[in-house]
Asks: 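Before anything else, here's the structure in question.
The chain is numbered in sequence order, starting from 1.
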Amino acid sequence: MSTADKSMTQKMMAMADASTVQTGGAGGATTYEALLRLDDMWSNLRSGELPAPRAVVFEEPNAAAETPDFDVVVCGGNIGILLATALVLRGLRVAVLEAGELRGREQDWNASRKEVMELVEAGILSLEEATEQVIGIEFNPVRCGFPGVDDVWLNDVLNVGVRPERLVACARARFEAAGGVVLENTALTRVSVRPGAAVLSTKGGGELRTRLVVDCMGQRSPIVAQVRNGQEPDGVCIVVGSCADGYAPERNTFGDIILADSSTEPANNGCPNQYFWEAFPASASPTQRTTYLFTYLGLEKERPSVLDIMEDYWKLLPLYQGVELEALTPRRILFGLFTSYKDSPLPVKWDRVMQIGDAGGLQSPLSFGGFGAITRHIGRLTRAVVGAIEADALQRHQLALINPYQANLRAAWLFQASMRPPVVPGAWPDDFIVKVLASTFEVQKGAGVGVMLPFLQDTLRVDGLAVTIGGLMLSAPATAVEILVRLGPVPLADWFLHFLGMIVGSLIGSEQGRAALKAAEPSLSAEQRFALNRYVEGWQYGSGLDYVAPDGPQVMIPEELSRAKKAAAAARAFVPAAKVAA
């Protein structure tokens, strides 16, 4: 194929660093072949051609009793090493099983300092490791923006770049020093659930016996596929992007959490689509910046392909960042497809087997990364798994208590539904989505960071939703009515049902509610205490009461804010050379 016949994606990928190490997990593979595989998978999803799941887990209740070698085996180590480390530090016998090499990718993850500090509190990282090795860069301010309204500027939310390679290395060192066992390049082939233990068979012919299997193999986990058994997801988020060199350092000092710079427009294939941007400075160099283009989609066959979206990314990036595409040198090309299901967290199907992270559906349908979902739940999951082992609460119905119904996860579906336009052109006004988001953020801006920060970190709370929805009805009643008309009564009734669940959770999970229920603990058996604690935590997290507000008010440094606003204005005023010539 000649250069002239190649797509822009192929040309840009040819310029990217060929030495980039390929890793497991979302965003770990960066080659053009991996992009084509992802595009094929998305095509199969849209056509309803889901591959038949391979049976991995087998129940063998009549087999001879097994003697476990481990308390817990975590399958999938690139994120699972975090929980594994917390568990081994609590005195459990833990092994990590990883199909490839146990290492984090070289590309920064966008996170909040609070999320990293939760790993410090769990003992997974030392404070020195967190601040000097894992956090590669910290920047302020960050922006949310939509057409027709002023940008919203914030501090200290999704404003650090986490180095996954260092994160995994530090956690692994602490894990192994505490007696944990890492088995790399060891693919799981079978789990036999027997009396006394689950027996894990590996590709090399080895076996491990454990009291509990924790699946952290992500959304593509073969165990998750077996549980879902061909179930179609209720929605997807497709993300494409790059980490590129060539940005002006003086313009590369702030981040974007969510920004739409246009209304709904036809994608590269002509289907109506609403794009959003996220961006942040990279830790490798002041001239490197990571930018993501993401969109929420249903499974209709008319939806754009991943290749279409990637081509749109290269076309739209210059206008978004205010830089000629020719001035950029891509270091790494990024792409991912994140499925989401309304019946999340994932139901437990077998004794001795459970899922966490993306595999367990703990992430919001609005997010496209599992790091925040793991860090938010790391303390709860550690307590729950230790409690299950100590109480021998390893039956299916007991493990189901660890990841129970969470009302705020279901309530978040209304927001995803309002951010993906129908495939029929003109079914929604082109400005409907950005108008709803602009109105919502205007209300939250007026209510203060106490309402906006939890929302931006995928932690929906009753107080925040009540203020947001109530404020929207008062300040933009026409928009509120249009939401009802466009979405219809069924999604809104579903949202209201789960909002009521959040209210119930706020009562049970409140400080007073927890204290009243905990008073019964001394009279309970170990299994009953385990169940009670999971019940209380489930309602607490499901109503967002685990969220801890930052200490003190946000203080913006005027010089940082002025520099960021100047850079944002310059990008919006940018006119590509091709348009100037025309």
Side-chain angles (χ1 to χ4, degrees), residues 141-155 157-158 256-264 274-278 296 364-366 407-408 410-422 427-500 502-503 506 543-544 547 549-550 553-554 556 561 565 568-569 572:
V142 295
R143 174 177 62 159
C144 304
F146 306 98
V149 295
D150 292 337
D151 292 333
V152 177
W153 295 93
L154 300 161
N155 265 13
V157 55
L158 297 175
D256 283 338
I257 299 175
I258 179 170
L259 185 134
D261 54 3
S262 66
S263 299
T264 299
Q274 180 64 59
Y275 285 127
F276 303 96
W277 293 98
E278 179 181 344
Y296 301 104
S364 161
L366 299 176
N408 54 6
R410 287 298 303 269
W413 274 96
L414 181 69
F415 295 96
Q416 200 204 72
S418 68
M419 294 167 73
R420 58 187 200 201
W428 284 3
D430 291 342
D431 66 346
F432 170 68
I433 294 175
V434 294
K435 183 168 61 176
V436 169
L437 289 171
S439 300
T440 299
F441 274 79
E442 281 291 294
V443 170
Q444 293 188 344
K445 179 182 177 181
V449 294
V451 170
M452 186 173 290
L453 291 185
F455 182 82
L456 290 172
Q457 295 180 76
D458 292 326
T459 306
L460 300 186
R461 294 167 52 99
V462 169
D463 51 1
L465 284 180
V467 169
T468 301
I469 301 299
L472 188 64
M473 294 175 67
L474 291 174
S475 64
T479 300
V481 171
E482 190 173 6
I483 292 173
L484 176 60
V485 172
R486 302 297 174 195
L487 298 183
V490 174
L492 289 170
D494 182 75
W495 174 85
F496 185 71
L497 176 66
H498 299 295
F499 181 69
L500 290 178
M502 291 177 63
I503 294 175
S506 295
S543 56
Y547 178 79
Q554 286 201 332
M556 285 198 183
L561 180 59
K565 287 184 173 182
R572 284 186 168 127

Asks: Determine the minimum heavy-atom distance between Val467 and Val443, stating which atoms define it.
Replies: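 Closest approach of Val467 to Val443, heavy atoms only: O-CG1, 3.7 Å.
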Asks: Just verifying a value: how many Å separate Glu442 CD and Thr479 OG1, rounded to the nearest 0.5 Å?
Replies: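 Spacing of CD (Glu442) from OG1 (Thr479) equals 11.5 Å.
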Asks: Distance check, rounded to the nearest 0.5 Å: Ser364 atom OG versus Leu460 atom CG?
Replies: 6.5 Å
Asks: Might you work through the side-chain contact (heavy atoms from CB on, under 4.5 Å) test for Gln274 and Met419, ending with a clear yes or no?
Replies: CA-CA 7 Å; Gln274 180 64 59; Met419 294 167 73; over 6 Å; no
Asks: Report yes if the side chains of Pro429 and Glu482 come closer than 4.5 Å at any heavy-atom pair, otherwise no.
Replies: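 Of all side-chain heavy-atom pairs linking Glu482 with Pro429, at least one is under 4.5 Å.
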Asks: For a quick test of reading the model, state the closest non-hydrogen atom pair linking Ser418 to Phe432 and the distance between them.
Replies: O-CE2, 4.4 Å
Asks: Would you check if Lys445 and Cys144 make a side-chain contact, meaning some heavy-atom pair closer than 4.5 Å?
Replies: no
Asks: Would you say the side-chain atoms of Ser439 pair up with the backbone N or O of Val436, donor to acceptor, closer than 3.5 Å?
Replies: no
Asks: Looking at every heavy atom in both Arg572 and Leu259, which two are closest together, and how far apart are they?
Replies: NH2-CD1, 4.0 Å
Asks: In terms of the angle between their ring planes, are Phe415 and Phe455 parallel, tilted or perpendicular, with boundaries placed at 30° and 60°?
Replies: perpendicular
Asks: Please give me the minimum heavy-atom distance between Ala407 and His498, naming the atom from each residue.
Replies: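 Where Ala407 meets His498 most closely, the heavy atoms are CB-O, 3.4 Å.
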Asks: If only atom types and distance count, is the side chain of Gln444 paired as donor or acceptor with the main-chain N or O of Gly450 below 3.5 Å?
Replies: no
Asks: Can you check side-chain contact (heavy atoms from CB on, under 4.5 Å) on Ile258 and Phe441, steps first, answer last?
Replies: CA-CA 11 Å; Ile258 179 170; Phe441 274 79; 4.1 Å; yes
Asks: Does the pair Leu154 and Leu456 meet the rule for a side-chain contact (heavy atoms from CB on, under 4.5 Å), with working shown?
Replies: CA-CA 11 Å; Leu154 300 161; Leu456 290 172; 3.3 Å; yes
Asks: How many angstroms lie between atom CG of Asp431 and atom CG of Leu437, to the nearest 0.5 angstrom?
Replies: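 If we round to the nearest 0.5 Å, Asp431:CG and Leu437:CG are 11.5 Å apart.
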Asks: List the steps, then state whether side-chain contact (heavy atoms from CB on, under 4.5 Å) holds for Val157 with Ile257.
Replies: CA-CA 8 Å; Val157 55; Ile257 299 175; 3.6 Å; yes
Asks: Can you tell me how far the CE atom of Met473 sits from the CD1 atom of Ile483, to the nearest 0.5 Å?
Replies: 10.0 Å
Asks: Can you run down the salt bridge (Lys or Arg N to Asp or Glu O under 4.0 Å) pairs that involve residues 458-476, sequence neighbours left out, and say none if there aren't any?
Replies: Arg461-Asp463
Asks: Can you name the nearest heavy-atom pair linking Arg143 to Asp256, along with the distance?
Replies: NE-OD1, 2.7 Å
Asks: Going by ring pair (Phe, Tyr, Trp, His ring centres under 6.0 Å), name the residues that satisfy it together with Tyr547, two or more places apart in sequence or in a different chain.
Replies: none
Asks: Return the CG to CG distance between Leu366 and Leu414, rounded to the nearest 0.5 Å.
Replies: 10.0 Å
Asks: Nearest 0.5 angstrom please: Ser262 OG to Trp277 CH2, how far?
Replies: 9.5 Å
Asks: Shortest non-hydrogen contact from Ala260 to Val434?
Replies: CB-CG1, 4.0 Å
Asks: Given Trp428, which of Ile433, Val485, Thr264 fulfils the side chain to side chain contact (heavy atoms under 4.5 Å, CB included) condition?
Replies: Ile433
